[in-house]
J.: 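Here it is: the structure, laid out below.
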Amino acid sequence: MKLITWNVNSLRARLERTLGVLDRHAPDVLALQETKCTDDQFPFQELEAAGYHAVHHGQPKYNGVALLSREPVDDVRRGFPGDPAPDMARVVGGRVGDLHLLNCYVVNGQAPGSDKFALKMRWLDALRDHLASAYDPSDRLVVVGDWNITPDDRDVHDPEKWREQIHCTEEERAQLRGFLDWGLTDLHRLHDDGPGPWTWWDYRMGAFARGWGLRIDLALGTAPVAAACTTVEVDKDERRKTTHETNPSDHAPVAVTLSS
DNA sequence: ATGGTTGGTCGCCAA
């Protein structure tokens, strides 16, 4: 089982690149964030032609999450009960075989102290409550997505520069630890103690070329999933501009493989 | 001091 999580930053702007990721990696599941489209605008036909079933939870202009899967997705859930911002399409869940999937686009939070930061905290509280009520730590469950949180300083290219900046505050990291304490493991750190790798680089200031990145796209798994996790790899090439004439997303895909 | 890019959409907002 190969599963990829990727903030695509507009599926319509990057359909060719998305088909390229599917072709190159041949994943069983591709979890997308920031599709930035409605269901009407979602390219179901092109993805079906590539061999993937698609489940989309969309909205106009912003957010939007999708699960693409070779096998049909069952038990589909769009959004989650208790979401303090239910108009934002940020979570889609489902089950492929006996593997439960939860694909999340966590609220960005803009800046510590802002209203959006306060919403990020409330939103994460509600998501963790949903996790605890809808799943059990003994389930085969992967929670993937753009977390907009660096777990610790190893996930930041310049920890001192980013200290208490957005994505790197102790408050956000404590929120993430709440998910880990429930029974999830940061699958990447099973195989790589870091520092790095990064999964996101700002479009500005030539951040990618300068190596100014963060690891904010995470795959978390329950104990049965952690025991089966053989590799976690960041497809940094996709973040380069050279493969296509189109622009890359500002995030790189993260690929997880599970045995059996 | 401000750094300054991309996408959706058509004036800015969000990241």
Side-chain angles (χ1 to χ4, degrees), chain A residues 5-21 31-43 46 56-66 83-91 103-124 127 144-150 155-158 160-169 171-172 175-176 198-218 235-254:
Chain A
T5 178
W6 188 29
N7 182 321
V8 68
N9 187 19
S10 172
L11 182 54
R12 286 174 295 165
R14 256 171 286 284
L15 180 57
E16 289 308 312
R17 279 180 175 265
T18 302
L19 295 172
V21 166
L32 294 172
Q33 304 89 38
E34 285 208 89
T35 58
K36 290 187 174 177
C37 65
T38 60
D39 288 353
D40 286 349
Q41 299 166 319
F42 190 89
E46 292 86 341
H56 185 226
H57 182 35
Q59 70 175 83
K61 299 192 212 179
Y62 303 119
N63 309 313
V65 282
D83 187 343
D87 292 342
M88 295 178 174
R90 293 182 173 276
V91 173
N103 177 24
C104 308
Y105 175 45
V106 173
V107 174
N108 178 292
Q110 194 176 53
S114 67
D115 289 349
K116 289 176 181 175
F117 190 89
L119 174 64
K120 183 178 195 172
M121 297 300 108
R122 291 206 307 281
W123 191 90
L124 285 163
L127 182 64
V144 296
D146 176 359
W147 280 79
N148 276 316
I149 300 173
T150 55
D155 305 302
V156 184
H157 71 93
D158 185 344
E160 294 316 318
K161 179 185 168 188
W162 280 85
R163 182 83 51 217
E164 289 300 315
Q165 301 298 304
I166 193 63
H167 313 310
C168 301
T169 65
E171 206 175 343
E172 291 164 284
Q175 281 282 5
L176 180 62
W198 323 132
T199 66
W200 170 84
W201 298 258
D202 199 303
Y203 279 128
R204 297 167 288 188
M205 305 287 289
F208 181 75
R210 294 161 125 156
W212 294 351
L214 304 177
R215 190 174 70 95
I216 55 177
D217 299 273
L218 309 176
D235 181 4
K236 197 175 170 183
D237 284 344
E238 176 54 42
R239 181 60 178 82
R240 291 178 218 281
K241 201 168 181 170
T242 48
T243 46
H244 298 71
E245 292 189 353
T246 56
N247 290 324
S249 168
D250 45 354
H251 295 252
V254 179

J.: Whole-Å distance between B:dA15 P and A:Ile216 CD1?
T.: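 Result: 12 Å.
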J.: Can you tell me how far C1' of B:dG7 sits from CG of A:Asn63, to the nearest Å?
T.: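 Answer to the nearest Å: 13 Å.
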J.: On DNA chain B, does the nearest nucleotide to A:Lys61 precede the nearest nucleotide to A:His251 from the 5' side, or the other way round? Give the residue.
T.: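 Per heavy-atom nearest nucleotide, the more 5' residue is A:Lys61.
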J.: At 4.0 Å (heavy atoms only), tell me whether A:Tyr105 reaches a base, stays on the sugar-phosphate, or touches nothing.
T.: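 Sugar-phosphate contact only - A:Tyr105 comes under 4.0 Å of backbone atoms but never of a base.
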J.: Can a side-chain donor-acceptor contact be found between A:Glu238 and A:Ser249 if the only test is distance below 3.5 angstrom?
T.: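 The answer is no; no qualifying pair exists.
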J.: On DNA chain B, does the nearest nucleotide to A:Asn148 precede the nearest nucleotide to A:Arg204 from the 5' side, or the other way round? Give the residue.
T.: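 Whichever sits nearer the 5' end wins; that is A:Arg204.
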J.: With heavy-atom distances below 4.5 Å as the criterion, would you say the side chains of A:His251 and A:Val8 are in contact?
T.: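 Contact flag for A:His251/A:Val8 side chains = no.
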J.: What contact category does A:Arg239 fall into here, base, sugar-phosphate, or nothing, at under 4.0 angstrom with non-hydrogen atoms?
T.: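 Result for A:Arg239 = nothing.
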J.: Using atom CD of A:Gln41 as one end and atom P of B:dG7 as the other, report the distance to the nearest whole Å.
T.: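 Checked: the CD to P distance equals 16 Å.
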J.: Rounded to the Å, how far apart are A:Phe208 CZ and B:dT5 P?
T.: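 Rounded to the whole Å, the gap is 17 Å.
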J.: CD of A:Glu34 versus P of B:dG7: gap in Å, rounded?
T.: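 The answer, rounded to whole Å, is 12 Å.
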J.: Over how many whole Å does the gap from A:Gln59 atom CD to B:dA15 atom P extend?
T.: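 My rounded result for the distance is 10 Å.
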J.: Have A:Glu34 and A:Asn9 got a donor and an acceptor in their side chains that come within less than 3.5 Å?
T.: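 No, because no side-chain N or O of A:Glu34 sits under 3.5 Å from a partner of the opposite role on A:Asn9.
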J.: Give the rounded distance in Å between these two atoms: CG of A:Asp202 and C1' of B:dT2.
T.: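 Computing the A:Asp202:CG to B:dT2:C1' distance gives 15 Å.
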J.: Among B:dA15, B:dT6, B:dG3, find the nucleotide with the atom closest to the side chain of A:Met205.
T.: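 Looking only at heavy atoms from C-beta outward on A:Met205, the closest nucleotide is B:dG3.
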J.: In whole angstrom, what separates A:Arg17's CZ from B:dG7's C1'?
T.: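 After rounding, the reported distance stands at 14 Å.
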J.: When you check the phosphate oxygens OP1 and OP2 of B:dA15, does a side-chain N or O of A:Asn9 lie under 4.0 Å from one of them?
T.: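 So the side-chain polar atoms of A:Asn9 never come under 4.0 Å of the phosphate oxygens OP1 or OP2 of B:dA15.
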J.: Please state the C1' separation for the pair B:dG4 and B:dA14 - nearest whole angstrom.
T.: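 B:dG4 and B:dA14 have their C1' atoms separated by 15 Å.
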J.: Kindly give the heavy-atom pair with the smallest separation between A:Asn108 and A:Lys120, and that separation in Å.
T.: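 Heavy atoms only, the tightest pair is O-NZ, 2.9 Å.
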J.: Taking atom P in both B:dT6 and B:dT2, compute the distance separating them and give it to the nearest angstrom.
T.: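 It comes out at 23 Å once rounded to the nearest Å.
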J.: Kindly give the heavy-atom pair with the smallest separation between A:Gly145 and A:Asn103, and that separation in Å.
T.: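 In this case the closest contact between A:Gly145 and A:Asn103 is CA-OD1, 4.2 Å.
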